[in-house]
Enquirer: 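What follows is a structure written as structure tokens; I'll ask about it next.
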Number of protein chains: 2
Amino acid sequence: MHIEADELIGALRRSGLRITKARRAVCEVLAESHLDHLTAAALLQRVNERVGGNVVASTIYRSIDALEEQGLLHHIHLGHGPGVVHLSDDPLRDHLAHHHLVCEGCGRTVDVEMAAVVEAMGELAQEHDFSMKSVHFALVGLCLDCASL
Amino acid sequence: MHIEADELIGALRRSGLRITKARRAVCEVLAESHLDHLTAAALLQRVNERVGGNVVASTIYRSIDALEEQGLLHHIHLGHGPGVVHLSDDPLRDHLAHHHLVCEGCGRTVDVEMAAVVEAMGELAQEHDFSMKSVHFALVGLCLDCASL
DNA sequence: ATCGTTGCAAAATTTTTGCAATTAG
DNA sequence: CTAATTGCAAAAATTTTGCAACGAT
């Protein structure tokens, strides 16, 4: 359903980029946490846990950039705070859309299913001569907990 | 179709907040530029043009916060760079959604119509016990210009 | 007279960049 | 070997905060 680490690494390599220990770890962490929306800081931490090491934030950002340039990853800012990244959905096996309910109170983000809409989005993009890479869709409001405060 | 300056000012006043020259200008600029998605910096500039003056960035951010707490305004980050703000749509006269095509190349943001989807979003929110304030919806990809580079 | 608001300056946060040293291919 | 990548440190960009002075009600 999502891109796997090997595919990421392969794609980078095919573009003449080099696979270092840090880069490989970034790919692996991303592939393993495709359910999460990781901040760069969280990604950094998991990468360092994995390599037992001293990988530095700028390396993470540069890896993110590299993957993003390949269209393998997208980043988006949902509300306040740092941006989050996640792998692209695989267009061959899945649809392109990500959907979230973003709570303004606690920042909690709930992923929701809404496959029906995706088709309409594709048409929309076509009408505007837009080559769609991914859809981010944030429904901003208050979750039940925060609404009752 | 959108909230007007007087409504903004009235709502702030009703909440016991005070209407200063800076704050009034913020409300007026926002109401006048409801088509744009202003960054804090752009808002600052327009406010200063309007009051001929020395309003400072932190004042803008504090006004944004005040309006956001009232649910009159929302801010979102679409891709890189600074966040943008815009007034809430008026739920009585219009639907809640904002839609954008965000070009990864040049950052250009095109607003699109897609009213049909909004209803589905409302149902979606209800299913998740989520009180919807607004919908932000970014279709990330490349516009025609950038795709041909 | 109160208490929210402002400007200013300083800090916090997130991300980017320059550069010499390292390392993958 | 060659050129991409790294760590480090410094800078940039955006947003937040503390505080004394000011101003709205």
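Everything numeric here is computed off the predicted structure, so don't read it as measured data. In what follows, chains are A, B, ... by sequence order, proteins preceding strands, each numbered from 1.
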Enquirer: Using 4.0 Å as the upper bound for N to carboxylate O, is an ion pair formed by A:R50 and A:E32?
Expert: yes

Enquirer: Find the distance between CG (B:L8) and CG (B:L73) and round it off to the nearest 0.5 Å.
Expert: 8.5 Å

Enquirer: Rounded to the Å, how far apart are B:L44 CG and C:dG7 C1'?
Expert: 12 Å

Enquirer: Per the end-axis method with five pairs at each terminus, what is the bend angle of the helix from C:dA1-D:dT25 to C:dG25-D:dC1, to 10°?
Expert: 40°

Enquirer: Calculate, to the nearest 0.5 Å, the distance between atoms CD and CG belonging to B:E69 and B:L17 respectively.
Expert: 8.5 Å

Enquirer: Where each residue is assigned the nucleotide of DNA chain D containing its nearest heavy atom, which of A:K21 and B:A41 is assigned the position nearer the 5′ end?
Expert: A:K21

Enquirer: Ignoring backbone atoms, test whether A:T20 places a side-chain nitrogen or oxygen under 4.0 Å from the OP1 or OP2 oxygen of D:dT6.
Expert: yes

Enquirer: Could you tell me the separation between the CG atom of A:L44 and the CG atom of A:L38, rounded to the nearest 0.5 Å?
Expert: 11.5 Å

Enquirer: Report the distance from atom CZ of A:R23 to atom CD1 of A:I9, rounding to the nearest 0.5 Å.
Expert: 11.0 Å

Enquirer: Please tell me which of the listed nucleotides, D:dG7, D:dT25, C:dT6, lies nearest to the side chain of A:T59?
Expert: D:dG7

Enquirer: Enter the distance from A:L72:CG to A:L30:CG here, rounded to the nearest 0.5 Å.
Expert: 10.0 Å

Enquirer: Would you call A:E28 and A:R46 a salt bridge, using N to O less than 4.0 angstrom?
Expert: no

Enquirer: Select one nucleotide: of C:dT2, C:dG7, C:dG25, the one nearest the side-chain heavy atoms of B:R18.
Expert: C:dT2

Enquirer: For nucleotides 16-19 of chain C, which of its nitrogen or oxygen atoms have a protein nitrogen or oxygen under 3.5 Å away, and what is each distance?
Expert:
{"from": "C:dG18", "atom 1": "O6", "to": "A:R62", "atom 2": "NH1", "distance (Å)": "3.4"}

Enquirer: Atom CG of A:N54 to atom C1' of C:dT22: distance rounded to whole Å?
Expert: 12 Å

Enquirer: Which listed nucleotide (C:dG4, D:dT5, C:dG7) is nearest to the side chain of A:L17?
Expert: D:dT5

Enquirer: For B:G16 and for B:V55, locate the closest nucleotide of DNA chain C by heavy-atom distance; then report the residue assigned to the nucleotide nearer the 5' terminus.
Expert: B:G16

Enquirer: I'd like to know if the side chain of B:S33 and the backbone of B:V29 have a donor-acceptor N/O pair within less than 3.5 Å.
Expert: yes

Enquirer: Can you tell me how far P of C:dA24 sits from CG of A:L12, to the nearest Å?
Expert: 15 Å

Enquirer: Return the value, rounded to whole Å, for the distance between atom CZ of B:R24 and atom C1' of C:dG4.
Expert: 16 Å

Enquirer: Rounded to whole angstrom units, what separation is found between the CZ atom of B:R23 and the C1' atom of D:dT25?
Expert: 14 Å

Enquirer: Round to the nearest Å and state the distance from B:I9 atom CD1 to D:dA24 atom P.
Expert: 13 Å

Enquirer: Is a donor from one side chain sitting under 3.5 angstrom from an acceptor on the other, for B:H75 and B:E68?
Expert: yes

Enquirer: Would you kindly give the NE2-to-C1' distance between A:H75 and C:dT14, to the nearest whole Å?
Expert: 11 Å

Enquirer: Between atom CG in B:N48 and atom P in C:dG7, what is the gap in whole Å?
Expert: 8 Å

Enquirer: Do the non-hydrogen side-chain atoms of B:L43 and B:I64 ever get within less than 4.5 Å of each other?
Expert: yes

Enquirer: Ignoring the backbone of B:V56, work out which of C:dG7, D:dT6, D:dT15 is nearest its side chain.
Expert: C:dG7

